[in-house]
Amino acid sequence: MKYVSEYRNEKSVHQMAAAIESRITRPWKLMEVCGGQTHAIVRFGIDQILPKDLTLVHGPGCPICVTPTAWIDKAIEVASLSQVTFCSFGDMLRVPGTREDLFSAKARGGDVRVVYSPLDALKLAEKLPEREVVFFAVGFETTAPATALAVHQAKLKGIRNFSLLIAHVLVPPAMEAILSSPRNQVQGFLAAGHVCTVMGFHEYDPIALKYRVPIVVTGFEPLDILEGVYLAVSQLEEGRFEVENQYRRAVERSGNLAAQNLIQTVFKVVTRPWRGLGEIPGSGLGMNDAYREFDAESRFGTVSKEVKESTFCISGEILQGLKKPNECPAFASRCTPDHPLGATMVSMEGACAAYYRYRHHKEASEISQVAGEP
């Protein structure tokens, strides 16, 4: 298939890996900021064919993973209301809250439904005018336009029984939060190609300049990722700190202006809490005043509560690139996809889920020793 098979060509992949090895002269640490890239790296063993002095770490590139426990608790609170039909992407139903998950709320009688688009939830609101239909709006800039479109259409059509519980987050502020941390180890980024398809990549120029890091907009196939790594390593070796676009077949510098305008019409930029990173100013989207009637938090009066994350789960450190999933004592023992302790094991884009799916059999004996199991 065009644009897939040629980016998985084994000969080309190994040639690019060899080019990286010939370029590198010292240790470097790069972070990908996309769950799709993380899964490709682990699935295809990309990290295993790279030079030993080059380390890839996994960042906050999974929107479900960075949604904090307090927001899961809010979702469960709203979903438990008798008049509410709560709609969500499937992965969110299994993310643990403080005491339970959305599947548990459904089992207790809550009307919780899986949808594939916010527009599906809007159609449901049209069909069920007697119900309050709430969509759990989770995602990066990639999914925000579809959410904005659903709200915009609801207003145009006068559909008043539709609202959003908004947990949309923005990538560039999270990258800055990582770089400004005293614990930061990241020296360069592979930026998420799909986010940049929507937003372009002009927002990254100040970050590269301020923190002196290369940022390479990168695709999702093995050759994409290796080329992104090569460009980042080349910059580091030459002492350059620029924004480059590896994913030229899909991304333009300005992005999708129509999608950006729709986001700006419906939403405003707000402070948002992230799992593992805390509150980051200007890192989320909230409802603009003109669309406030569609904000589920305002409509149902949910209360923000301070919630402590699980002490057994190190997803916060994984999302900062400080540790990898196989360094967690609970990985593949106390924490599995069937019984997850944190969101990074639940989501299809989570780093822990990727390691469990593609590598946990290989590492089972090591993990058992770390966990103190026989």
Side-chain angles (χ1 to χ4, degrees), residues 63-64 66-68 70-75 77-79 81 83-89 92 113 115-174 194-200 202-203 254-274 279-304:
I64 291 169
V66 303
T67 304
W71 278 84
I72 305 302
D73 288 348
K74 281 186 184 184
E77 178 186 344
V78 174
L81 297 173
Q83 74 272 31
V84 166
T85 295
F86 194 85
C87 299
S88 172
F89 297 133
M92 291 305 301
R113 308 191 189 192
V115 295
Y116 297 96
S117 162
L119 294 171
D120 291 341
L122 181 61
K123 289 177 183 177
L124 197 59
E126 288 186 275
K127 292 180 181 178
L128 303 172
E130 75 284 359
R131 303 286 294 170
E132 287 284 346
V133 177
V134 180
F135 176 70
F136 196 6
V138 173
F140 294 128
E141 296 93 330
T142 319
T143 55
T147 308
L149 180 61
V151 177
H152 186 62
Q153 288 192 358
K155 186 167 185 177
L156 289 177
K157 294 180 178 181
I159 303 172
R160 306 299 178 191
N161 64 321
F162 177 73
S163 61
L164 304 178
L165 183 61
I166 308 170
H168 278 303
V169 288
L170 307 173
V171 172
H194 53 6
V195 170
C196 295
T197 301
V198 175
M199 302 303 292
H202 58 278
E203 294 178 294
S254 58
N256 185 326
L257 296 179
Q260 293 170 35
N261 289 335
L262 186 57
I263 291 171
Q264 292 165 9
T265 297
V266 174
F267 297 122
K268 63 182 179 183
V269 175
V270 298
T271 295
R272 188 69 77 196
W274 292 56
E279 280 201 348
I280 304 176
S283 69
L285 296 175
M287 204 74 81
N288 260 334
D289 290 343
Y291 292 85
R292 185 170 295 278
E293 63 180 300
F294 298 100
D295 181 24
E297 279 195 275
S298 300
R299 183 173 295 191
F300 300 106
T302 60
V303 179
S304 296

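The shown structure was predicted, so the numbers you read here are calculated from the model rather than taken from an experiment.
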Mind listing the closest non-hydrogen atom pair of Gly139 and Pro63 along with its distance?
CA-CB, 3.4 Å

Evaluate the criterion side-chain contact (heavy atoms from CB on, under 4.5 Å) for residue pair Val66 and Trp274; output intermediate values, then yes/no.
CA-CA 5 Å; Val66 303; Trp274 292 56; 3.6 Å; yes

Hey, are the side chains of Phe300 and Val84 touching, using non-hydrogen atoms and a 4.5 Å cut-off?
yes

What are the two closest non-hydrogen atoms of Ile166 and Trp71, and how far apart are they?
O-CZ3, 3.0 Å

Evaluation steps, side-chain contact (heavy atoms from CB on, under 4.5 Å), between Leu124 and Glu126
CA-CA 5 Å; Leu124 197 59; Glu126 288 186 275; over 6 Å; no

May I ask you to decide if Leu285's main-chain N or O and Arg272's side chain share a donor-acceptor pair within less than 3.5 Å?
yes

If I compare all heavy atoms of Pro173 with all of Leu170, which pair ends up nearest, and what's the gap?
CD-O, 3.5 Å

Distance-only side-chain donor-acceptor flag, Thr265 / His152, under 3.5 Å:
no

CD1 of Ile263 to CD of Glu141, rounded to nearest 0.5 Å, is 7.0 Å

Measuring only between side-chain heavy atoms, which start at C-beta, is His168 closer than 4.5 Å to Thr147?
yes

At their closest point, which heavy atom of Ala125 faces which heavy atom of Ile159, and how far apart are they?
CB-CG2, 3.9 Å

Close side-chain approach of Lys74 and Ile72, heavy atoms under 4.5 Å:
no

If I take atom CG from residue Asp289 and atom CG from residue Asp295, how far apart are they, to the nearest 0.5 angstrom?
10.5 Å

Does a side-chain heavy-atom distance below 4.5 Å link Val169 with Phe140?
yes

Close side-chain approach of Cys87 to Val133, heavy-atom, < 4.5 Å
yes

side-chain contact (heavy atoms from CB on, under 4.5 Å) assessment of Gln153 paired with Leu119
CA-CA 9 Å; Gln153 288 192 358; Leu119 294 171; 3.9 Å; yes

Rounded distance (nearest 0.5 Å) linking atom CZ of Arg299 with atom CZ of Phe162:
9.5 Å

When you measure from the side chain of Gln260 to the backbone N and O of Val198, does any donor-acceptor pair fall under 3.5 Å?
yes

Would you say that Phe267 contacts Met287 through its side chain, given a criterion of any heavy-atom pair below 4.5 Å between the two side chains?
yes

Between the main-chain N or O of Glu279 and the side-chain N or O of Ser283, is there a donor-acceptor pair closer than 3.5 Å?
no

Looking at Phe89 versus Phe136, is the centre-to-centre ring distance below 6.0 Å?
no

For the side chain of Asn288 and the backbone of Gln264, is there at least one donor-acceptor N/O pair under 3.5 Å apart?
yes

Rounded to the nearest 0.5 Å, how far apart are CG of Leu122 and CG of Asn161?
9.0 Å

Nearest heavy-atom approach of Ala296 to Val134 is CB-CG1, 3.9 Å

Test Thr142 against Thr197 for side-chain contact (heavy atoms from CB on, under 4.5 Å), laying out the working first.
CA-CA 8 Å; Thr142 319; Thr197 301; over 6 Å; no

Lys268 to Arg292 - nearest heavy-atom pair and separation:
NZ-NH2, 3.3 Å

Between Lys155 (side chain only) and Ala290 (backbone N and O only), is there a donor and an acceptor less than 3.5 Å apart?
yes

